[in-house]
Amino acid sequence: MAETLSPAKEEARSKTVHELIISGQELPEKYIYKGNDAATLGDSLPLMKIPVIDVGRLTSPSFNREQELEKLRSALCFWDCFQPINHGVEAAFLDKLREVSKLFHRKRSRDTPEKMAALREHQRQLKFWPEDPQSFRETINEYNKKLEEMMQVLFKAMAASLNLEENCFLDMCGEEAIFFARFNFYPPCPRPDLAIGIKSHADGSALTIVLQDKEVEGPQFLKDNQWYRVPIIPEAVVINVGHQAEKMSNGIFKSPVHRVVTNSERERFSLAVFCTPNSDREIEPVNGVVTDGRPTMYKKVKNYVSYFFEYFQRGRRPVEAAII
Ligand SMILES: O=C(O)CCC(=O)C(=O)O
Ligand SMILES: [Fe+2]
C-alpha cells in the first residue's frame, strides 16, 4: 500500500537538499553519508601531485617518448591516474562540452531517471539522446571520435611503458569496447561535511576519462589511507585505471578508490566516460605480466559489469570478485 505522507514530509520529498536547507530545514537523515570515510568529508586535504602527461610526446619517435612513457608508467603505478594534456581535444572544444553538459542538466527534468549512455556509433541508441540543446548530439559525437583516438594511443603507450606488445591491451578490450558516458551534476550542498556527491568506489571500466569542472573541485583519491584532492587543469582530463586494466596488467596498475565531495556554494558538473570491454570478452592478465615473481592474481571473468553494482552498493572494490 502506498505510504501516506504528512504535508511536511511531502514537502521534504519534493525539494532538493539545497532548497530544504535554504528554507531552514535540517539535512534529512537519508542524505547523511554513513560510509567508513564519512568522518573525513569536511577535512582540509592535500592536493595530489598527479603527473601531467604530454600525449603528443607519447607518439613522437624522438627521445622524449621514452621519458614520457616512463612518466606514464610511474604515474600509473604510484597514483593509479594521470592528467593528459596535448591529447587531441582542443581546450575550446572541452569548454563546448562543458557547456552542452550544463545545458543538458538545466533542461533535464528532476524526474528523468539518470542513465548511462553508450557513445560509440554502432552501440548508441540515439532515440534516448536529448535533442535539446541542439548541439548536444553533434558535440558528444565528436568527443566520442576524439576519445577513440585518444584511447588507442594511451592503451598502446601503457603497454609500451611495461615493455609489452603494443596492442596487447587493445586486443583484449576488443574492437567492441563500449564507452559509457555519465553526465554528473552535483548541486550545491550546504553541508559538504555530512553529504557526499558520489560515495567512495573504484570504477569497473578499463580506463575512465573524466572531464572536470573548470572551477569547482570535487573528486578525491585515496592513497595509503590518505584522501587527496585532484588539482584542476582546464585543458587536461583526468584518467584513472579501472578494474579491467588492473586485471589485464595483473595488478601492476591498480584501480584507485575515489569519491566526489560537494561544494557548499557552487554546483559542479563533470562528464565521466568509462571505456569498458564488451561483456562477452574474457578479461585476464595479458602476455608478459605473469612471471615467476608475479603469478596470476586474477581469475578470468566475463560480464564483470553485472556484479559491479552489487559490490558498489556494499562499498567494496568489485575487482575483489576476481582475485585468486
Ligand atoms: O565527478 C567526478 O569528477 C568523478 C565522477 C566519478 O568518479 C564517476 O562518475 O565514477
Ligand atoms: Fe568513478
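Atoms within each ligand, like the ligands themselves, are counted from 1 in listed order.
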- Task: Ignoring hydrogens and angles, state whether a donor on the side chain of Asp80 or Asn240 is under 3.5 Å from an acceptor on the partner side chain.
- Result: no

- Note on the structure: Ranked by distance from atom 8 (C) of ligand 1, the top protein heavy atom is Arg182 NH2, 3.2 Å

- Considering only heavy atoms of His258, which atoms of ligand 1 have at least one such atom less than 4.0 Å away? 7 (O)

- Just jot down the ligand 1 atoms closer than 4.0 angstrom to any heavy atom of Ala272, in number order. 9 (O)

- Message: Using heavy atoms and a 4.0 Å limit, tell me yes or no: is Arg259 in contact with ligand 1?
- Response: no

- Item | Arg259 and Thr40 side chains, donor-acceptor separation under 3.5 Å | yes

- Between Asp54 and Lys71, does at least one N-O distance fall below 4.0 Å, as a salt bridge requires? no

- Query: At the Fe ion (ligand 2), what angle lies between atom NE2 of His258 and atom OD1 of Asp203, rounded to 10 degrees?
  - Reply: 90°

- Message: I need the nearest protein heavy-atom contact for atom 3 (O) of ligand 1: residue, atom name and distance, please.
- Response: Arg268 NH2, 2.9 Å

- Task: Within a distance under 4.0 Å of any heavy atom of Phe274, pick out the atoms of ligand 1 and give their elements.
- Result: 8 (C), 9 (O), 10 (O)

- Message: Could you identify the N, O or S atom of His201 positioned closest to the Fe ion (ligand 2)?
- Response: NE2

- If only atom types and distance count, is the side chain of His87 paired as donor or acceptor with the main-chain N or O of Ile85 below 3.5 Å? no

- Looking at Val210, which atoms of ligand 1 are within less than 4.0 Å of one of its heavy atoms? 2 (C), 3 (O)

- Task: Begin from the C-alpha positions of Phe93 and Glu142 and carry the test side-chain contact (heavy atoms from CB on, under 4.5 Å) through to its verdict.
- Result: CA-CA 9 Å; Phe93 184 78; Glu142 201 173 329; 3.7 Å; yes

- Considering the heavy atoms of Pro219, write down every atom of ligand 1 situated less than 4.0 Å from one of them. 3 (O)

- Distance-only polar pair, side chains of Glu246 and Ser255, donor-acceptor under 3.5 Å: yes

- Can you sort out which atoms of ligand 1 are near Ile198, meaning under 4.0 Å from one of its heavy atoms? 5 (C), 6 (C), 8 (C), 9 (O)

- Message: Glu217 vs Ile232, test: side-chain contact (heavy atoms from CB on, under 4.5 Å). Steps then yes/no.
- Response: CA-CA 7 Å; Glu217 281 184 21; Ile232 293 178; 3.9 Å; yes

- Task: Please identify which atoms of ligand 1 are closer than 4.0 Å to at least one heavy atom of Gln212.
- Result: 3 (O)

- Do Thr208 and Asp203 have side-chain atoms, one donor and one acceptor, less than 3.5 Å apart? yes

- Message: To check your reading of the model: name the closest protein heavy atom to atom 4 (C) of ligand 1, its residue, and the distance in Å.
- Response: Val260 CG2, 3.7 Å

- Task: Could you tell me the residue and atom name of the protein heavy atom closest to atom 2 (C) of ligand 1, and the distance to it rounded to 0.1 Å?
- Result: Ser270 OG, 3.4 Å

- For the residue pair Arg281 and Gln244, confirm or rule out a side-chain donor-acceptor distance under 3.5 Å. no

- Answer yes when Glu29 and Lys34 have at least one side-chain N-carboxylate O distance shorter than 4.0 Å, and no when they do not. yes

- Note on the structure: Counting from 1 in the order shown, the ligand 1 atoms closer than 4.0 Å to a non-hydrogen atom of Asp203 are 10 (O)

